[in-house]
Protein chains: 2
Amino acid sequence: MKMSTKARYGLYAATELAKAYDGGTTLSVADMSASIGVTEKYLEQILSLLKSEGIVSAQRGAYGGYILTDKPEKISVGRVLRCLENDLKIVDCIGATCGRKKCAPHALWNKLYKNINEFLDSITLKELLEEI
Amino acid sequence: MKMSTKARYGLYAATELAKAYDGGTTLSVADMSASIGVTEKYLEQILSLLKSEGIVSAQRGAYGGYILTDKPEKISVGRVLRCLENDLKIVDCIGATCGRKKCAPHALWNKLYKNINEFLDSITLKELLEEI
DNA sequence: TTTAAATCCTACTCTTTTACTAGGAATAAT
DNA sequence: ATTATTCCTAGTAAAAGAGTAGGATTTAAA
């Protein structure tokens, strides 16, 4: 039950992009990787996931980089993490029916899942920057 | 960010023991493994963790087995899961200081950790049986 | 038009963790 | 004694996580 490095690095990158958003400047992978403490190659892959979810957009070529597609106060932490952490499903049977009938824990997993998502959706990247 | 089978099997076993608690009867590993869908040998290991945490006690030898050390309404789901899931730490730096200064996500992990624990501590084995 | 700086794409590999399997020792009721 | 049980420890196979690696494509600027 650990958050992956992908999710952690990705959220950190998102906060860096949130800082840069007001200036309207893009940040390259090289710009971010050092301060996050992750290789450029790995961070590339992570940002491509954020891009495919529409959280960031990319400008290719020289002087290019990444930028948030929306204001930091419009992007929730939950949205970022779900995209990087397999939808935050803590057990496989979330949202489905497990084979077992009368599975008390099953209802628990669904409630826990909902609880986690609601918490993470209640915090935006802007709020994250302002320290929780 | 997945709950391990150990935690899931263990919680299921705990609910079985909760059902049996009123009768004061012990349940053996063999009694439980079939309905949970796990091998006896694996379940043995899981129950030994619950025992070392004082959640269950064991009676060795013939006609022995396991029994909760306290009433189902006194044992929280959180206590069971923390014992099986490395204290439910979602990132390593929970409760400690990560190297980074000014790590906005760090505060988030701590809050998320607290949120999850409070939720799981608010539910007892008895309530779990009564369906959530 | 060349060059340099960047994203994009895909495949591979190493490491760690998870999820068991296995064998037998110790204990206790009958 | 025998049988049913927990207890203890070591080993192993599979899956997931965490990167590595190489190059193709795109774009701004010199």
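Chain identifiers are assigned alphabetically (A, B, ...) following the order of the sequence lines, protein sequences preceding nucleic acid strands; residue numbering begins at 1 within each chain.
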Quiz item: For DNA chain D, what residues of residues 48-58 of chain A have any heavy atom nearer than 4.0 Å?
Solution: none
Self-check item: Among D/dT20, D/dA10, C/dA19, the one nearest B/Gln45 by side-chain distance
Solution: D/dA10
Practice problem: State which residues pass side chain to side chain donor-acceptor pair (under 3.5 Å) with B/Ser28; sequence neighbours excluded, sorted by chain then number. | Solution: B/Asp31
Quiz prompt | Distance, rounded to the nearest Å, where A/Leu47 contributes CG and C/dA6 contributes C1' | solution = 13 Å
Exercise. Encode nucleotides 22-28 of chain D as B, S and - characters from 5' to 3', where the letter depends on protein heavy atoms closer than 4.0 Å: B to the base, S only to sugar-phosphate, - to neither.
Key: BB-BBBS
Quiz item: Does the A/Glu118 side chain pair with the main chain of A/Asn115, one donor and one acceptor, at a distance under 3.5 Å?
Solution: no
Quiz item: Please give, in whole Å, the distance from D/dT6 C1' to B/Asp31 CG?
Solution: 13 Å
Quiz prompt | Worked check of side chain to side chain contact (heavy atoms under 4.5 Å, CB included) between B/Tyr66 and B/Leu47 | solution = CA-CA 8 Å; B/Tyr66 293 91; B/Leu47 283 163; 3.7 Å; yes
Exercise. Return no unless some side-chain N or O of A/Ser28 is found under 4.0 Å from OP1 or OP2 of C/dA5.
Key: no
Quiz prompt | Whole angstrom value for the distance that separates P of D/dT6 from CG of B/Leu43 | solution = 9 Å
Quiz prompt | Contact under 4.0 Å: B/Thr5 side-chain N or O vs C/dC20 OP1/OP2 | solution = yes
Quiz item: Of all residues at least two apart in sequence or in a different chain, which pass the salt bridge (Lys or Arg N to Asp or Glu O under 4.0 Å) check with A/Asp121?
Solution: A/Arg82
Practice problem: Whole angstrom is fine here: how far is it from CE in B/Met1 over to P in D/dA15? | Solution: 23 Å
Quiz item: Do any of residues 64-71 of chain B sit with a heavy atom less than 4.0 Å from DNA chain C, and if so which?
Solution: none
Quiz item: B/Leu84 CG to C/dT18 P: how many Å, rounded?
Solution: 12 Å
Practice problem: Determine which pairs satisfy side chain to side chain donor-acceptor pair (under 3.5 Å) with at least one residue from residues 37-57 of chain B, sequence neighbours left out, and list them in order. | Solution: B/Thr5-B/Tyr42
Quiz item: Could you state the OH-P distance from A/Tyr42 to C/dT15, rounded to the nearest angstrom?
Solution: 16 Å
Practice problem: Please list, chain by chain and in numerical order, all residues satisfying salt bridge (Lys or Arg N to Asp or Glu O under 4.0 Å) with B/Asp70, sequence neighbours excluded. | Solution: none
Exercise. Give, for atom CD of A/Glu16 and atom CG of A/Leu129, the distance between the pair rounded to the nearest 0.5 Å.
Key: 9.0 Å
Exercise. Could you tell me the separation between the CE atom of B/Met3 and the C1' atom of C/dT18, rounded to a whole number of Å?
Key: 15 Å
Quiz item: What pairs with B/Lys2 under salt bridge (Lys or Arg N to Asp or Glu O under 4.0 Å), at least two apart in sequence or on another chain?
Solution: A/Asp92
Exercise. Scan B/Val38 against the nucleic acid and name what it touches under 4.0 Å (heavy atoms): base, sugar-phosphate only, or nothing.
Key: nothing
Quiz item: With sequence neighbours left out, what residues match B/Arg79 under side chain to side chain donor-acceptor pair (under 3.5 Å)?
Solution: none
Self-check item: Distance, rounded to the nearest Å, where B/Glu40 contributes CD and C/dA22 contributes P
Solution: 13 Å
Quiz item: What residues form a side chain to side chain donor-acceptor pair (under 3.5 Å) with B/Thr26, not counting sequence neighbours?
Solution: none
Quiz item: Which residues satisfy the side chain to side chain donor-acceptor pair (under 3.5 Å) test with A/Lys89, sequence neighbours excluded?
Solution: A/Asp87
Practice problem: Could you list the residues that satisfy salt bridge (Lys or Arg N to Asp or Glu O under 4.0 Å) with B/Glu85, not counting sequence neighbours? | Solution: none
